[in-house]
Amino acid sequence: MLGPQVLALVFLLVGGEASADAAATTDDAAPTESSAEGFLATYFPAPVDGPALRLPFSPNRLYVDLGYASTSDLSSLPYITGKARNLRLAAGGTWRWRRLAFSGELPMLQATTIDVATVMNQPPVPADAHQTAYSLGDLRLGADWTVPLGDSVGDSFVGGFGFRVRLPTHTTRFDFHLIDGSTAAYAFPYYFHLEPTAILGGVLGRFLFVVNQGAVVLMGPDATFSGIPIHVPTIAYWDAAYAVTWAPLDELAASVELSTDVQLNHVDGLDFQKFNDVRSVWLAPALQLHAGDTRFDLVARFSLSKSANLFGIMEYAGSTSVTLRASRPF
């Protein structure tokens, strides 16, 4: 497993460069952008939920996403089985200050449709079997710090660190009629996401690469369903992402990202046994079109392992997805 070794390398390289960068700049002068950073800022691989890639150089930009995700198996969730799909409209952006890039994203509207096979091991009433809920999504906030690695490994490489949080602001819920005639509200599990990572990127001719090595930690709070308490455990994963972009033309580029999430801890509780031993692997090919200052991205996401479906449910990203994004600098 290359994750810890790559992480250690980035820590060493960026740590050595940090003192040099501090000596080369003053409080009154912002650092200049390297040629590698300019290429990275233009042709970076398009991040996509699952969780999204952190970039070695994020330009000032605003974007709008339209995404569609689906999963054919909800059986890992407590008390329900079936399938689901989600249509998502989101807006986000990045603002740079010196070597820091601050980012945020909010899904402004989600239309989530579920086709339920069973509720608490019983078939649902016909009116409950097919439901669509309209809701707000989870707010993402993050900050990345990156610098050119310079003499350490060459002017074409950039490295640093990032930290992102995901706040459970989503309002998705469904109502079910129970066998005793009462009605119970069901909400997908709510998690706070904590996502530290090391970031490495580089440029080789018309190619660029990005590597992330870090963690994803999912934390409660607890919940209830039909008066039954649900203890939501804390779950930790080692998260790794590897992406490559090829830009044969100034107006056109293609990228592919391979992402893995390996569970680091074991969680107890009968309702969450299927949440153990996660080995999620997925692939995201993408095309990008540059039309003046506007960039368009078309990104697909495909699960390559059985665990990727479960992890996709917890990320609200499904097992497969397609995203269309339009972005502009500011």
Side-chain angles (χ1 to χ4, degrees), residues 40-70 84-97 100-113 132-144 146 162-173 187-188 190-195 197 199 210 212 216 241 243 245 253 255 257 259 284 286-301 312-318 320-330:
L40 288 164
T42 304
Y43 299 107
F44 57 84
V48 63
D49 258 359
L53 187 73
R54 259 69 66 83
L55 304 176
F57 191 90
S58 299
N60 291 321
R61 66 186 179 111
L62 298 172
Y63 64 85
V64 176
D65 277 1
L66 181 62
Y68 175 82
S70 64
R85 54 192 180 273
N86 187 63
L87 187 64
R88 172 180 181 270
L89 177 65
T94 303
W95 175 68
R96 291 197 64 83
W97 181 75
L100 287 169
F102 300 95
S103 61
E105 179 184 284
L106 179 65
M108 300 175 293
L109 177 63
Q110 296 185 138
T112 306
T113 300
T132 298
Y134 299 92
S135 62
L136 187 72
D138 285 345
L139 175 65
R140 287 90 155 158
L141 298 172
D144 301 328
T146 56
F163 185 79
R164 181 173 57 202
V165 297
R166 179 168 168 170
L167 306 178
T169 56
H170 79 262
T171 58
T172 310
R173 56 170 281 171
F188 289 161
Y190 279 66
Y191 289 104
F192 292 92
H193 295 226
L194 307 178
E195 302 175 4
T197 193
I199 305 167
V210 179
N212 287 179
V216 176
T245 295
S255 66
E257 177 188 348
S259 180
L287 289 174
Q288 52 184 262
L289 175 65
H290 299 259
D293 288 336
T294 304
R295 169 174 161 168
F296 297 96
D297 292 285
L298 181 63
V299 193
R301 177 181 182 272
I313 291 173
M314 299 170 73
E315 285 278 338
Y316 309 106
T320 59
S321 70
V322 61
T323 301
L324 178 62
R325 175 178 301 130
S327 58
R328 287 181 63 89
F330 68 89

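Contact of the D293 side chain with the P329 side chain is registered, since non-hydrogen atoms from C-beta on lie closer than 4.5 Å. Looking at heavy atoms from C-beta onward, R166 lies in side-chain contact with Y316 at the 4.5 angstrom threshold. R301 places none of its side-chain heavy atoms less than 4.5 Å from the side chain of T320. Residues F192 and P168 form a side-chain contact, since some pair of their non-hydrogen atoms from C-beta on lies under 4.5 Å apart. H193 is not listed as a side-chain neighbour of R164, based on a closest heavy-atom distance of 4.5 Å or more. Between V299 and V322 the shortest side-chain heavy-atom distance does not fall below 4.5 Å. The side-chain heavy atoms of R140 and D49, taken from C-beta on, include a pair separated by under 4.5 Å. Between Q288 and T245 there is a side-chain heavy-atom pair separated by less than 4.5 Å.
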(message) Apply side-chain contact (heavy atoms from CB on, under 4.5 Å) to residues V216 and E315 and explain how you reach the verdict.
(response) CA-CA 11 Å; V216 176; E315 285 278 338; 4.2 Å; yes
(request) Give the C-alpha distance, both sets of side-chain angles, the deciding distance and a yes or no for side-chain contact (heavy atoms from CB on, under 4.5 Å) between T294 and L289. (result) CA-CA 8 Å; T294 304; L289 175 65; over 6 Å; no
(request) Start with the C-alpha distance between L53 and V210, add both sets of side-chain angles, then the distance that settles side-chain contact (heavy atoms from CB on, under 4.5 Å), and finish with yes or no. (result) CA-CA 9 Å; L53 187 73; V210 179; 4.1 Å; yes
(request) Could you walk me through whether L66 and R88 pass the side-chain contact (heavy atoms from CB on, under 4.5 Å) test, one step at a time? (result) CA-CA 6 Å; L66 181 62; R88 172 180 181 270; over 6 Å; no
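Between T171 and S135, the closest heavy-atom pair is OG1-CB, 3.1 Å.
Checking each of R325, R328, E105, R295 against Y63 for a side chain to side chain donor-acceptor pair (under 3.5 Å) leaves exactly one that passes, namely E105.
Taking the centre of each ring, F296 and H290 stay at or above the 6.0 Å mark.
T94 and S58 are not linked by any side-chain donor-acceptor pair at a separation below 3.5 angstrom, with hydrogens and angles left out of the test. Between the side chains of N212 and T197, no donor-acceptor pair is found at a separation under 3.5 Å.
Around atom OH of Y134, no more than 12 heavy atoms belonging to other residues, nucleotides or ligands sit under 6.0 Å away.
A distance-only check finds no donor-acceptor pair linking the side chain of T323 to the backbone of G67 [under 3.5 Å]. Put simply, the side chain of T169 gets close to the backbone of G137: a donor and an acceptor are under 3.5 Å apart.
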